[in-house]
Number of protein chains: 2
Amino acid sequence: MNDMRLIRAKSGTNQEGTSAHNRRVMIDALRLNGQLSRAELARATALTKQTVSNIIEDLERDGLVESLEAVRQGRGQPSTPYRLVPEGAFAIGLQIDRHVTRTIAVDLVGRVLARGEANLPAGGPATGVRTILELIEKTRRDLTALAPHSEDRLVGLGAAMPGPFGVEADADDPWMMAAWQNFPLLETLAAGTGLDVGLQNDAAAAATAERMVGAAHGVDHAICIYFGYGLGAGLILNGELYRGANGNAGEIGMILSLPRGASSDERMPLEHRASIASLCKLLDLDPADPDLYGRIDAAAANPDQRLLRWIDAAAFEMRAAVQALETIFDPQTVILCGGLPPGLARLLTEAMMPLLPSIADRRDRGLPRLQVGFTDPWAVAIGAAAEPISRTFDPRFSAILKTRASAAG
Amino acid sequence: MNDMRLIRAKSGTNQEGTSAHNRRVMIDALRLNGQLSRAELARATALTKQTVSNIIEDLERDGLVESLEAVRQGRGQPSTPYRLVPEGAFAIGLQIDRHVTRTIAVDLVGRVLARGEANLPAGGPATGVRTILELIEKTRRDLTALAPHSEDRLVGLGAAMPGPFGVEADADDPWMMAAWQNFPLLETLAAGTGLDVGLQNDAAAAATAERMVGAAHGVDHAICIYFGYGLGAGLILNGELYRGANGNAGEIGMILSLPRGASSDERMPLEHRASIASLCKLLDLDPADPDLYGRIDAAAANPDQRLLRWIDAAAFEMRAAVQALETIFDPQTVILCGGLPPGLARLLTEAMMPLLPSIADRRDRGLPRLQVGFTDPWAVAIGAAAEPISRTFDPRFSAILKTRASAAG
DNA sequence: CTATTAAGTCAATTGTCTTGACTTATTTTT
DNA sequence: AAAAATAAGTCAAGACAATTGACTTAATAG
């Protein structure tokens, strides 16, 4: 019982882990391919037909997959394709931003079924938590109205807010939401909702959304640059979101870089030029304006000199950032996404062309070096909602391993 | 058989995968802790005592672990600790560098048992492969002299050479070893040695060495900056080396960055200032000089103005690189390693202090933000040799999964 | 000397995937 | 029109690996 000295080790696994993994693999294969027959699943997963049959039977009984009409495809018995049942699972996503909070309900295939939005009072968590819990309640009621048994199939609540987490916060830094950083958010939400709660930063959430239903669908190595109020990156490595040692991986907005024309001692955080926040500052827009998105959209539709200068400065550094990320990660693609209007995203990416030369210049490329993903203020909330789905159903190493009972080592 | 359309999926697993993983976990636990009893192993891995007993019995029969004398540690039956048998497995490492090739033989615990070195003729692979195969042969004979049954326990050959791989090579670029890039190295080595061959770039190999027997031992999130003839980084993420989509992750020397004092349009690859190659250029040293290491060591012992200027310039950009890597990866530590003499490594790291502020400034840090690892021209060869050991014995996701039979989808 | 604690074993059990023969349904060949 | 070939999918027995709970062994504490 009482091991005084620290024992370090990874945990082992057992048949339960095997079975759980194979179920997840099956669901993943159906998600990626839309529909597959048992025989196709067996070939795709390297499992035997019999094993696939058993697992599919289980999943069907659990209401996660359903059969479609048999299809004749040549010689041999016609195959019966299976697909995911959208109503097989639901999750709630919560975005906490500086001035606003949003909720989303999604189903197993990532479709959005309900949304909610509210302004966040300036008081920080003390008053904000009440608003948030009410908004979640409302979204659950809306979801239940659409899908009566959704409450029984709710797999969790995913929260997303700007990072970084756990870092010495400068209380006056508007980039950090200092008050929220020191608040026991996970515990409060878990107690207030009765759900399993996960937390990611907003860039990670955006990447989760891209992976489930966006440009990174089925891509195992992708960097999602999240261009929002701040700047971040969601790292999809080996098909999983990478979180780093403290959940702060990808906070690229805090990289100290040199503005165009500055001298080499004047390094400043990248997001001071490349972010919606910097744009607001330049265009004298109020970040708390509920129609900020619309105003930026309008400005992008008919860009003035100030905006063009901002784009030039941001693109200059973003071009370097993309080159650096490609060089560091060797991804299949880089995706620009976030809460910026599509028009602005287009202007920005156009200004970033041509991209700087990098190891991403390969003859065998399958995907473009840079593409635009979700440009939608709801992207983070969608990704937040996708996180519990991913956590519950995606194949991942940690899902195979036994969990340590309690104390031990 | 003939699935025309592409089916994408991860593969499933079975009891074999379970068993393989648990064996690896056991070996990993012993490697990390030195020695553990069966009961301790059970607690550490979350497996049952009985399972641990069965696996340990297997491993003992296979000659991978051995028992030590029982120790009394209070009330209860004394426990019998087990440890890895160094002679349980061996591997050969091969470093191919621009002017020299090196071989290393290591055992299961990473001890170096034999070394070989040879100049690489200028002719590229056409003539170089013969030299290399002979050197490997010699090293295997040396190893057999020390450990008679080593040939039966050779788990593979690990090769390391400068990257990037598979990129459009500029034949004249001295940074790339263009001729070697287009040579079927893996196949040739496999055919010439009869061993399983793996390939990594030199920075990855250095990181593998740090992880098995160096500063990253037991650390799951570490960035190893490899300061060699070129500049690279080995990325240890979630306890595994990350390779990227094409095996080129971590080639940070190719990041375009701004030299101190340059104007913002003059971006140049980072390794043009921060690498042994750049130092050679500045100090008029011949990179092919067999005693390059000694000459640099001497220069660092008594630095002149030119060297100090080089250090200042390199440290200026390395400081930014460390800040950027910390911000991107959120690692537990950054390790500076490579084929540079310790004296130079000390000068360089001192010049990098104080580090730039980053999200790595946390109260709960367990490891220093920056530390110095191997500073040894043999580090890459050691890491190359460690790779087959790691591939064979370390717990990893891919080791659990079934391998696809052949074609399928 | 007895009770307690902990390490480790034994033998039966359970859960999961695998195997090989078999059934079903369709197309191709004769 | 019948037979052969092909492929999907099922059945029932088997193999494998971890688990369970009782048991043995060996030490210390009181």
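As the structure is a computational prediction, the values presented were derived from the model and not from experiment. Residue numbering restarts at 1 for every chain, and letters A, B, ... go by the order of the sequence lines. Any value given below was found using the heavy atoms of this structure, including those in side chains, with hydrogens, waters and symmetry copies removed.
No donor-acceptor contact under 3.5 angstrom links the side chains of B:Glu40 and B:Ser79, judged on distance only. Side chain to side chain, A:Thr18 and B:Thr18 meet the donor-acceptor criterion of an N or O pair below 3.5 Å.
Atoms CG (B:Asp58) and C1' (D:dC16) sit 12 Å apart, rounded to a whole Å. The CG-C1' distance, from B:Leu401 to C:dC17, rounds to 15 Å in whole Å. Remark: C1' of D:dA15 and CD of A:Gln50 are 15 Å apart, rounded to the nearest angstrom. Note: CZ (A:Arg38) to C1' (C:dA25) measures 16 Å, nearest angstrom. In this structure, B:Asn14 atom CG and C:dG15 atom C1' are separated by 14 Å, rounded to whole Å. One interatomic measurement links the two molecules: NZ of A:Lys49 to P of C:dT16, which rounds to 22 Å at whole-angstrom precision. Rounded to an integer number of Å, the gap from B:His21 NE2 to D:dA17 C1' is 14 Å. Atom CD of A:Gln77 is separated from atom C1' of D:dA8 by 4 Å (rounded to the nearest Å).
OP1 or OP2 of C:dC17 has not a single side-chain nitrogen or oxygen of A:Thr48 nearer than 4.0 Å. Of the side-chain N and O atoms in B:Ser37, one or more sit less than 4.0 angstrom from OP1 or OP2 of C:dG8. Between A:Thr80 and D:dG9, a side-chain N or O to OP1/OP2 separation shorter than 4.0 Å is present. Distances shown here put every side-chain N or O of A:Thr18 at or beyond 4.0 Å from the OP1 or OP2 atom of C:dG15. Contact check, A:Ser53 against D:dT10: a side-chain N or O comes under 4.0 Å of OP1 or OP2. OP1 or OP2 of D:dA8 sits under 4.0 Å from a side-chain N or O of A:Arg43.
When every heavy atom of A:Leu157 is checked against every heavy atom of A:Arg391, the shortest pair comes out as O-NH2, 3.8 Å. Shown here for B:Ala209 and B:Ile382, the closest heavy-atom pair between the two residues is CB-CG2, 4.1 Å.
Between A:Leu32 and A:His217 there is a side-chain heavy-atom pair separated by less than 4.5 Å. Taking 4.5 Å as the limit, some side-chain heavy atom of B:Leu30 sits within range of a side-chain heavy atom of B:Leu41.
Closest-nucleotide positions on DNA chain C for B:Tyr82 and A:Leu47 were compared, and the one nearer the 5' end corresponds to B:Tyr82.
Distances were taken from every side-chain heavy atom of B:Ile55 (C-beta onward) to each of C:dA7, D:dA18, D:dT19; the shortest belongs to D:dA18. Considering only the side chain of B:Gln15, D:dC16 comes nearest among D:dT20, D:dC16, C:dT19.
Just one residue in the list B:Asp28, B:Leu84, B:Leu64 forms a side-chain contact (heavy atoms from CB on, under 4.5 Å) with B:Phe393, and that residue is B:Leu64.
Using cut-offs of 30° and 60° on the angle between ring planes, the pair B:Phe329 and A:Phe329 is tilted.
Heavy atoms of A:Ser79 sit under 4.0 angstrom from primed sugar atoms or phosphate atoms, though from no base atom.
Within residues 69-76 of chain B, the residues having any heavy atom closer than 4.0 Å to DNA chain D are, in order of number, B:Arg72, B:Gly74, B:Arg75, B:Gly76.
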